[in-house]
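These values consider heavy atoms only, across backbone and side chains, with no hydrogens, waters or symmetry-generated copies. What you are looking at is a predicted structure, and each value in this text was computed from that prediction instead of being measured. Counting starts at 1 for both ligands and their atoms, following the listed order.
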Amino acid sequence: MKKRIAILGSTGSIGTQTLEVISQNPDHFEVEVLTANNNISLLIDQARKFQPNVVVISNSCHYDQLAEALKNEPIKVYAGREALQQVVEMDTIDLVVTAMVGYSGLIPTCNAIKAGKHIALANKETMVVAGEIINQLAIEHKVNIYPVDSEHSAIFQCLVGEFNNEVEKIYLTASGGPFRGFSLEQLANVTKADALKHPNWDMGAKITIDSASMMNKGFEVIEAKWLFGLKPEQIDVVVHPQSIIHSLVQFRDGSMKAQMGLPDMKLPIQYALNFPDRLPSTFKRFSFLDYPKLTFEQPNTKNFRNLALAFEALNLGGNMPCILNAANEVVVQAFLNDKISFLQMPEIIEQAMEQATYLKNPNLEDYVQSDKEVRIKTSALVKSRTKQKI
Ligand SMILES: NC(=O)c1ccc[n+]([C@@H]2O[C@H](COP(=O)([O-])OP(=O)(O)OC[C@H]3O[C@@H](n4cnc5c(N)ncnc54)[C@H](OP(=O)(O)O)[C@@H]3O)[C@@H](O)[C@H]2O)c1
């Protein structure tokens, strides 16, 4: 039986790579649902090629155009946020790939889990915002969450076969991004174009900025806590500029296992889609001779303050990671819109964390409210900086 896949965010970097994996393995997978936010032309092409049962465009303005383009295809077309939140409940779906960006993934992921769908989780922000609730739902509905993030896939692959062997700690590797080694003076002058040039990975704009600011690594630390049931002190970050070792696990006897390979997101995607079996692939193979040196460094949390803020949020718990995420989404958008500078991002996030209402034991509705509150407050903080500039 082929596995029937829903891809939330099929037009993005993870979404398109998931479709490549599916194309290369037509005997194993078929596409049941495709969704996008605005990129209607790519969604139409994907729908014609993969013939899903349903497509959803989140931004309803595009409905007429999408429906018209697909009117001769046996494909149902829906629009709007609610449609996206409901489509994951379809009986015919076996696995949902959450490849949307940001907080927008939270409710669809919760609904998919409640409907008993296994999840291939790329949308790390969902785990950052509400990891505890996601885990509870997954247990309650007997759902597996397969990590897609390369670091978490690496940890997952290292843990396979270890059953109850105790993990002492994990090391998440970080490339260090385009500004590795930069002084604060240099960081003060970096531009959006500089930040969008990641040395090793080709990703969507938001995660590329998060990688440059090291917020991405902070989010991954929080994601790892929930995916692998770890305490904050069991999670370490090491900068590894070549991005060959994707992460490591250290067991209680001191033995360490690493997962490595050339950076290519299709590998963790394929592993998540077909766990526990590894499918053959033609992905480029690693050659030791091309990489005679693999190097490691301590992350600089003084210059890349976001990583320290993420650890702070993790230690405080409650809704603080949700606050961190909402503030980050607002400042990243402001940076991409040339409203604030690179170094103003962590500065504003820190202020937002100080000003937001802290809740020790939030429920899902509290997270929704927190997200709203923090977006309003952070937008005001961004505005005050923009005025200062004028
Ligand atoms: N890219 C990577 O290599 C990578 C690696 C690890 C983890 N991740 C995680 O995977 C997720 C996706 O990243 P990405 O790089 O693939 O992002 P991306 O290229 O920006 O794609 C995002 C996708 O989500 C859709 N989308 C955006 N906002 C939406 C909204 N409000 N409602 C519904 N759909 C929306 C987009 O639709 P439109 O195209 O129509 O805008 C697009 O299909 C992120 O959480 C990221 O952290 C990515």
Side-chain angles (χ1 to χ4, degrees), residues 6-21 33-47 55-63 65-66 78-88 96-109 119-129 146-154 156 172-175 177 196 198-213 215-220 222-224 227 243 246-247 263-269 271-272 325 328-329 332-333 336 371 375:
I7 307 175
L8 308 184
S10 64
T11 50
S13 158
I14 293 291
T16 50
Q17 293 181 82
T18 304
L19 286 171
E20 279 182 56
V21 168
V33 176
L34 295 175
T35 84
N37 195 30
N38 284 309
N39 191 345
I40 184 129
S41 55
L42 183 54
L43 185 62
I44 292 167
D45 290 348
Q46 293 178 340
V55 295
V56 181
I57 187 82
S58 192
N59 184 344
S60 319
C61 308
H62 303 297
Y63 174 78
Q65 200 188 336
L66 182 61
Y78 300 114
R81 254 199 331 196
E82 278 188 16
L84 182 68
Q85 292 171 2
Q86 286 166 9
V87 75
V88 291
V96 175
V97 180
T98 64
M100 297 160 75
V101 68
Y103 175 86
S104 65
L106 176 64
I107 303 298
T109 308
I119 306 288
L121 184 114
N123 178 244
K124 66 190 86 187
E125 293 91 342
T126 289
M127 283 316 246
V128 170
V129 171
Y146 304 112
V148 166
D149 229 340
S150 58
E151 294 77 359
H152 304 75
S153 176
F156 185 54
L172 297 176
T173 51
S175 70
L196 284 170
H198 195 280
N200 303 341
W201 298 97
D202 184 12
M203 310 178 284
K206 194 245 174 197
I207 183 177
T208 307
I209 300 299
D210 285 347
S211 298
S213 72
M215 183 57 93
N216 182 52
K217 208 47 58 183
F219 283 168
E220 287 177 7
I222 301 173
E223 183 187 8
L227 284 175
S243 296
H246 300 309
S247 280
D264 183 346
M265 283 309 296
K266 290 196 288 304
L267 200 146
I269 292 170
Y271 189 73
N325 178 69
N328 183 60
E329 287 194 25
V332 168
Q333 200 50 56
L336 285 170
D371 178 78
R375 279 171 199 271

Can you find an N/O atom of Gln17 closer than 3.5 Å to an N/O atom of ligand 1?
-> no
Rounded to the nearest 0.5 Å, how far apart are CG of Leu121 and OG1 of Thr109?
-> 6.5 Å
Trp201 and Ser13, any side-chain heavy atoms less than 4.5 Å apart | no
Applying the side chain to side chain contact (heavy atoms under 4.5 Å, CB included) test to Tyr78, which of Thr35, Val56, Val55 qualifies?
-> Val56
Quick one: CD1 on Ile14 to CE on Met100, what's the gap to the nearest 0.5 Å?
-> 14.0 Å
What's the shortest distance from atom 44 (C) of ligand 1 to any protein heavy atom, and which residue and atom give it?
-> Met100 O, 3.6 Å
Within 4.0 Å of some non-hydrogen atom of Ser104, the atoms of ligand 1 are 29 (C), 30 (C), 31 (N), 32 (N)
Short list, please: which atoms of ligand 1 are under 4.0 Å from a heavy atom of Ala99?
-> 12 (C), 22 (C), 23 (C), 24 (O)
Note the single closest protein heavy atom to atom 7 (C) of ligand 1, along with its residue, its atom name and the distance in Å.
-> Asp149 OD1, 3.3 Å
Residue, atom and distance of the protein heavy atom nearest atom 45 (O) of ligand 1 read Glu125 OE1, 2.6 Å
Just checking, is any N or O donor in the side chain of Glu20 or Thr16 under 3.5 Å from an acceptor N or O on the other one?
-> no
Could you tell me whether Asn38 and ligand 1 have an N or O pair separated by under 3.5 Å?
-> yes
Using distance alone, decide if ligand 1 has a nitrogen or oxygen within less than 3.5 Å of any nitrogen or oxygen in Ser13.
-> yes
Verdict with reasoning, Leu34 to Leu19, per side chain to side chain contact (heavy atoms under 4.5 Å, CB included) = CA-CA 10 Å; Leu34 295 175; Leu19 286 171; 4.0 Å; yes
Got an N/O contact under 3.5 Å between Gly204 and ligand 1?
-> yes
Where ligand 1 meets Leu84 - atom numbers and elements under 4.0 angstrom, heavy-atom basis | 33 (C)
Find out whether Lys124 and Asn216 are in side-chain contact, i.e. whether some heavy atom of one side chain is under 4.5 Å from a heavy atom of the other.
-> yes
Should Glu125 and Lys206 be marked as a salt bridge (Lys or Arg N to Asp or Glu O under 4.0 Å) after you check the CA-CA gap, both sets of side-chain angles, and the distance that decides it?
-> CA-CA 11 Å; Glu125 293 91 342; Lys206 194 245 174 197; 2.8 Å; yes
What part of Met265 sits under 4.0 Å from ligand 1 if we count only heavy atoms: the side chain, the backbone, both or neither?
-> side chain
For ligand 1, note which part of Ser58 has a heavy atom under 4.0 Å away: side chain, backbone, both or neither.
-> side chain
Does Asn123 use its side chain to pair, donor to acceptor, with the backbone of Gly102 at less than 3.5 Å?
-> yes
Residue, atom name and distance, where the atom is the protein heavy atom closest to atom 21 (O) of ligand 1 = Gly12 CA, 3.1 Å
Closest approach of any protein heavy atom to atom 47 (O) of ligand 1, naming residue and atom = Lys124 CE, 3.2 Å
Does ligand 1 have a heavy atom under 4.0 Å from the side chain of Arg81, from its backbone, from both, or from neither?
-> neither
Lys206: heavy atom below 4.0 Å from ligand 1, yes or no?
-> no
For ligand 1, is there an N or O atom under 3.5 Å from any N or O atom of Asn216?
-> no
Audit row: Leu66, Leu43, side chain to side chain contact (heavy atoms under 4.5 Å, CB included) steps and yes/no = CA-CA 8 Å; Leu66 182 61; Leu43 185 62; 3.9 Å; yes
For atom 27 (C) of ligand 1, find the nearest protein heavy atom and state the residue, atom name and distance (0.1 Å precision).
-> Val101 CG1, 3.5 Å
Would Leu196 and Ile209 count as a side chain to side chain contact (heavy atoms under 4.5 Å, CB included) if you check the C-alpha gap in whole Å, the side-chain angles of each, and the deciding distance to 0.1 Å?
-> CA-CA 6 Å; Leu196 284 170; Ile209 300 299; 3.7 Å; yes
Within 6.0 angstrom of Arg375 CZ, more than 12 heavy atoms from elsewhere | yes
Closest by any non-hydrogen atom to atom 8 (N) of ligand 1: pick that one out of Ile269, Thr208, Ile207.
-> Ile207
Does the side chain of Asn200 pick up a donor-acceptor pair with the side chain of Ser243 at under 3.5 Å?
-> yes
Numbering as shown, the atoms of ligand 1 that approach Ala122 to under 4.0 Å (heavy-atom distance) = 7 (C), 8 (N), 9 (C), 10 (O), 45 (O)
Counting distance only, does the side-chain N/O of Gln46 pair as donor-acceptor with the main-chain N or O of Ser10 below 3.5 Å?
-> yes
For atom 43 (O) of ligand 1, which of Thr18, Thr11, Ile14 has the closest heavy atom?
-> Thr11
May I ask you to check whether Asn39 has an N/O atom sitting below 3.5 Å from an N/O atom of ligand 1?
-> yes
List the closest protein heavy-atom neighbour of atom 35 (C) of ligand 1: residue, atom name, distance to the nearest 0.1 Å.
-> Asn37 CB, 3.4 Å
